[in-house]
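All remarks here apply to the structure that follows.
All values reported here derive from a predicted model rather than from experimental measurement. Labels below follow one simple rule: chain letters A, B, ... track the order of the sequence lines, proteins then strands, and each chain is numbered from 1.
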Amino acid sequence: MNTEIIKVSHLEKKFGDHLVLKDIDFLANKGDVISIIGSSGSGKSTLLRCINLLEKPTSGSIYFHGNDIQSQGFSLTEYRSKVGMVFQSFNLFNNLSVLDNCIVGQQKVLKRSHKEAEEKAMDYLTKVGMSQYIHAKPKQISGGQKQRVAIARGLCMDPEVLLFDEPTSALDPEMVGEVMEVMRRLAISGLTMLVVTHEMSFARDVSNRVVFMDQGVIVEDTVPDEIFNNPKTERTREFLARMLQKN
Amino acid sequence: MPTSFFGWVVFFCKKYGVFFLRGAGNTLLISIISTILGFIIGLAVAVVRTVPIDEHDTKFRRIFYKVVQGIFVAYIEIFRGTPMIVQAMVIYYGSAELWGLDLSPFAAALLIVSVNTGAYMAEIARGGIISIDKGQTEAAQSIGMTHWQTMTTVILPQAIRNILPSIGNEFVVNIKDTSVLNVISVTELFFMSKSAAGTYMKYFEVFFITCVIYFVLTFTVTRLLLVIEKKIDGPDSFIIHGSQTTPEGIIEGIEEK
């Protein structure tokens, strides 16, 4: 079961002179559901964006099944089709209907037939409870609905890993639940997920590993029980106390 | 001979009706074709100018794009920075003198207006492209689309929709500005009017008619463009797919499985 999918080694990222990630080492195995937590500016989103190269690392390596994703012959588009991403601001394609949002990648990138792509899209849109809205344009549906469509769009590509970049942070509190529920079910289904989140209940109850980041370094990387009940550092304790109080 | 203003107007309409119509037809034809060609030129230039290049690209690629982009910037600056009436003279007489090209005035007109419009369209289209939220590009990239696929399926459809009003602007400007082409004897509306007026030395009467024709042309075009915009936007509502009696719980996607 411990097949290594993504390995990050000595990753460093600078924006100008500002060091955002310092010497990050990180490993994701198949089936892992990893929550990455930490306060704003701790570098957790940047880490996620480096993993699918939306941000280019300043130094260090990232391996996908042992292959360096920054090496010359590596097909970035093929890699990205296997590592999906769900954004904080949804980023549905505004010019396409809900259904076409889920079809376009399958057709253009995976070269599936329209019929096959549509069947798959309908399948996943039904799973996230959006099958009634396939003819709607993104501007016609709510934030929670958009995020569920975005998740379906990611799933349609049959990714090996799905990255979530604060998927519920831009949502009204009442819509957080519907998206969290979809993610909970995905976790149970065995999908490998890396989730940057402020939802402590998800980190504690759903994920099998929690990574706590602070000021560009990974402070703790362990099982949820350990981090929530027996945090090793003062910084972790303070952060969790603050977060849990808020919830 | 008519004695009143309206008498003359009626006289010219009767005598030169076909003349005016032919001029208006040419004006419209030149501006339609040139606006479309200019749009294509502008779009192509804008797409190339917005190709992202960074230090991770190969040296050859970086130099290639630098050079091409430099040429495009020069093109835009030169054609935006000189009057079309002067461009018409330079291109029409220059092409004959330098390369011995025997362009017909009409072909020269199409070339001049297209290239001129292209320079403006390039900046309009570039504005349209960079106004699209970066998240759209990132989402397309994150499912593995190439830059080209991202452009054609996600960015350009939205950018073109957003710049439609500006394209309409250019179209209207072109209808009016083709009048400067009379300097190279293109038989467009202004040229025709000038000939008619010169024959009877009745400038006010003739150009009053010309004025009305120009306005009818531009007004019709702007109305048509509004209809096209509405059409592209599609309906405000959408059709619920499947049964409308499905209980709310299933819509929310929590009760399945």
Spacing of A:Gln107 atom CD and B:Thr153 atom OG1 [to the nearest 0.5 Å]: 10.5 Å

More than 12 heavy atoms of other groups within 6.0 Å of B:Glu229 CD: yes

Side chains of A:Val104 and B:Met145 in contact at under 4.5 Å (non-hydrogen atoms): yes

Gap separating the CG atom of A:Asn95 from the CG atom of B:Asn162, nearest 0.5 angstrom: 10.0 Å

Point-to-point distance, once rounded to the nearest 0.5 Å, from CZ of A:Phe93 to CD1 of B:Ile132: 12.5 Å

CD1 on B:Ile239 to CD1 on A:Ile134, rounded to 0.5 Å: 10.0 Å

Which atoms of A:Phe87 approach chain B - backbone, side chain, both or neither, heavy atom under 4.5 Å: side chain

Toward chain B, the part of A:Ser131 with a non-hydrogen atom under 4.5 Å: backbone

Leading residue by heavy atom contact count with chain B [cutoff under 4.5 Å; candidates A:Gly105, A:Ala136, A:Ser89]: A:Ala136

Residue part contacting chain B, namely of A:Met180, when any heavy atom lies under 4.5 Å: neither

Part of A:Leu53 lying under 4.5 Å from any heavy atom of chain B: neither

Student check: side-chain heavy atoms of A:Asn91 and B:Asp133 closer than 4.5 Å: yes

Straight-line distance of A:Lys139 NZ to B:Asp233 CG, nearest 0.5 Å: 5.5 Å

Part of B:Gln141 lying under 4.5 Å from any heavy atom of chain A: both

Chain B contact via A:Gln140 - which portion, at a heavy-atom distance below 4.5 Å: both

B:Phe64 atom CZ: more than 12 heavy-atom contacts under 6.0 Å: no

A:Val83, part contacting chain B, at a heavy-atom distance under 4.5 Å: backbone

Interatomic distance, A:Arg80 atom CZ to B:Glu138 atom CD [nearest 0.5 angstrom]: 9.0 Å

A:Arg49, part contacting chain B, at a heavy-atom distance under 4.5 Å: side chain

Which atoms of A:Met85 approach chain B - backbone, side chain, both or neither, heavy atom under 4.5 Å: both

Neighbour count >12 (heavy atoms, 6.0 Å) for atom NZ, A:Lys146: yes

Which atoms of A:Asn94 approach chain B - backbone, side chain, both or neither, heavy atom under 4.5 Å: both

